[in-house]
Amino acid sequence: MSFRAPKGTDDVLPPASHTWRRLLLAWEDWSARYGYDLVLTPLFEATEVFARGVGEGTEVVEKQMYTFEDKGGRSVTLRPEGTASVVRAFLEAGAGGILKGAYSGPMFRYERPQAGRRRQFYQVGVEYLGSRAAAADAEVVELGYRYLVAAGVPGLSVELNSIGDRQCRPAYVRKLGTYLESRRDVLCDDSLRRLETNPMRVLDCKVCAPKLVEAPSPADHLCAPCAAHHEEVLTTLTELEVPYEEAPRLVRGLDYYERTAFEYVATDLGAAQDAVGGGGRYDGLAELLGGKRVPGVGFALGLDRIVLALGVEKEPNPLDLYIVVAGDRRKEAVRLASDLRRSGLRVDLDVEGRSVKAQFRAADRRGAAGALVVGDEWADGRVVAKDLTSGDQEVISLEEVQAWVRRP
RNA sequence: GUGACCGUAGCUCAGUUUGGUUAGAGCGCCGGGUUGUGGUCCCGGAGGUCGCGGGUUCGAAGCCCGUCGGUCACCCCA
């Protein structure tokens, strides 16, 4: 029996998990502030949901899905992303009106692990379903930005583009194809392959892009409605004071995107995978799944990459009190801890019967703000209260504990 | 799927050059110094199939072969 977590998966233990807890709590806060309700969907779906939703030709679907047959002979797949599931759930519920949904949890892709890329990774995200308004795009982009700023991601930048829709994109792709054919000699092998499957992805190629500065840009070939939509997204973001950079080369790897496409990049993250989030509009996705036409826009942020961008943080452990048991006062100490916990304080204590010295050491390691000693003073209804930062201590009555904790 | 590098204590590593007695250090952990006081200091202790398997040898952590795992990059993406 090996105790190693499966390849490409990570255990998150303290103290690293303090950062995760903070990020998850902040996510609940920020998504709720913008009016997004919690949406829970299964971690696995019928394989078809992703095959059709994400796109048959995409790398994710072709090579990266955890697909297996269940005992009923159904082909199911561990979700490689969140959007298709949420849209499927919305369709199942009737797809009426507007749904602003927020989710968080693990996603699964079978890949070779590297920095910022795991087989099981965590995302938080939102989907704004049922609206075609540019204001919805702007709101979504803003929320992701505000959250990442609050999380403390350094070197953050928002990159934005419009890749057109089913009206204008075919003509553009033809034009791009003609151009790329003329530059065949400078394209790498991968780009030559993409020229056949998805020409827009060639623009994203790190190797070829520098040689293709003259390539027609999607944003210059938008139809009038797409151009107007894009313009409104940009002006709204400016009004909302969200800094962004126009990224004419930004295309997305999943088939369902239309019009707005964006990424959040942690520019000073050294790793190759420096996009901490991405998203866009996907007005055609619901139809791909076999439902009616439901417009939508959303994003997903990679928590693992956010943690990576934050560096090795020493997050404070928010313990208000550590209770030290002296002499034969175990029962009283346990009861006191319970009372204080019920009153709302974060409290812990030793249950191993260790020495007072060991208990103080534990209090210090845990980062407790203060320690209460339950000992002989208990007979008078009092405890020793010690400030673990200053080292000052005094004897106080039990009634004074709450006030002592709130001392300046 | 492709490539490069790396596997010795919980962690970071030394030891491999030139195979040779009981495999080391720092940090961390536990205990003691202080029978009721942490963070500094001093002392002590626990903890190792040297990734695994085979081969060469009188003798392998070290050399050879294989295998598994890890890391980073490509690809792709959050």
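A salt bridge does not link Glu332(A) to Arg335(A): none of the charged nitrogens lies less than 4.0 Å from a carboxylate oxygen. Using a 4.0 Å cut-off between a side-chain N of Lys or Arg and a carboxylate O of Asp or Glu, Glu258(A) and Arg169(A) do not qualify as a salt bridge.
Residue contacts for Asp304(A): at a heavy-atom cut-off of 4.0 Å it reaches no nucleic acid atom on any strand shown. Contacts of Val324(A) with the nucleic acid, taken as non-hydrogen atoms under 4.0 Å apart, are absent. Within the 4.0 angstrom heavy-atom criterion, only backbone atoms of the sugar-phosphate kind lie near Gly278(A); the bases stay farther away. Using a 4.0 Å heavy-atom distance criterion, Val276(A) is classed as a sugar-phosphate-only contact. Gln393(A) comes within 4.0 angstrom of a nucleotide base, judged by non-hydrogen atoms across all strands. Looking at heavy-atom distances under 4.0 Å, Glu377(A) makes contact with a base. Ala275(A) comes within 4.0 angstrom of sugar-phosphate atoms only, judged by non-hydrogen atoms across all strands, and of no base. Gly116(A) comes within 4.0 angstrom of a base, heavy atoms only.
For CG of Asp328(A), the number of neighbouring non-hydrogen atoms (other residues, nucleotides, ligands) closer than 6.0 Å is 12 at most.
Distance from the side chain of Arg354(A) is smallest for rG31(B) among the nucleotides rG36(B), rG31(B), rC77(B).
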Between the protein and nucleotides 38-43 of chain B, are there any N/O to N/O pairs under 3.5 Å, and if so, what are the atom names and distances?
| unit_1 | atom_1 | unit_2 | atom_2 | d |
| --- | --- | --- | --- | --- |
| rG38(B) | N7 | Lys386(A) | NZ | 3.0 |
| rG38(B) | N1 | Leu388(A) | O | 2.6 |
| rG38(B) | N2 | Asp364(A) | OD1 | 2.9 |
| rG38(B) | N2 | Leu388(A) | O | 2.4 |
| rG38(B) | N3 | Asp364(A) | OD1 | 3.4 |
| rG39(B) | O4' | Asp364(A) | OD2 | 2.9 |
| rG39(B) | N2 | Thr389(A) | O | 3.1 |

So which protein N/O to nucleotides 1-3 of chain B N/O distances come out below 3.5 Å?
| unit_1 | atom_1 | unit_2 | atom_2 | d |
| --- | --- | --- | --- | --- |
| rU2(B) | O4 | Arg112(A) | NH1 | 3.0 |
| rU2(B) | O4 | Arg112(A) | NH2 | 3.4 |
| rG3(B) | O6 | Arg112(A) | NH2 | 3.0 |

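Aromatic ring orientation, Tyr256(A) versus Tyr282(A): perpendicular (interplanar angle above 60°, classes split at 30° and 60°).
Taking 4.5 Å as the limit, some side-chain heavy atom of Leu240(A) sits within range of a side-chain heavy atom of Glu142(A).
Within the 3.5 Å criterion, the main-chain N or O of Gly353(A) finds a donor-acceptor partner in the side chain of Asp350(A).
Comparing the P positions of rU17(B) and rG55(B) gives a spacing of 23 Å, expressed to the nearest Å. Between rC11(B) and rU16(B), the distance separating the two P atoms is 23 Å to the nearest Å.
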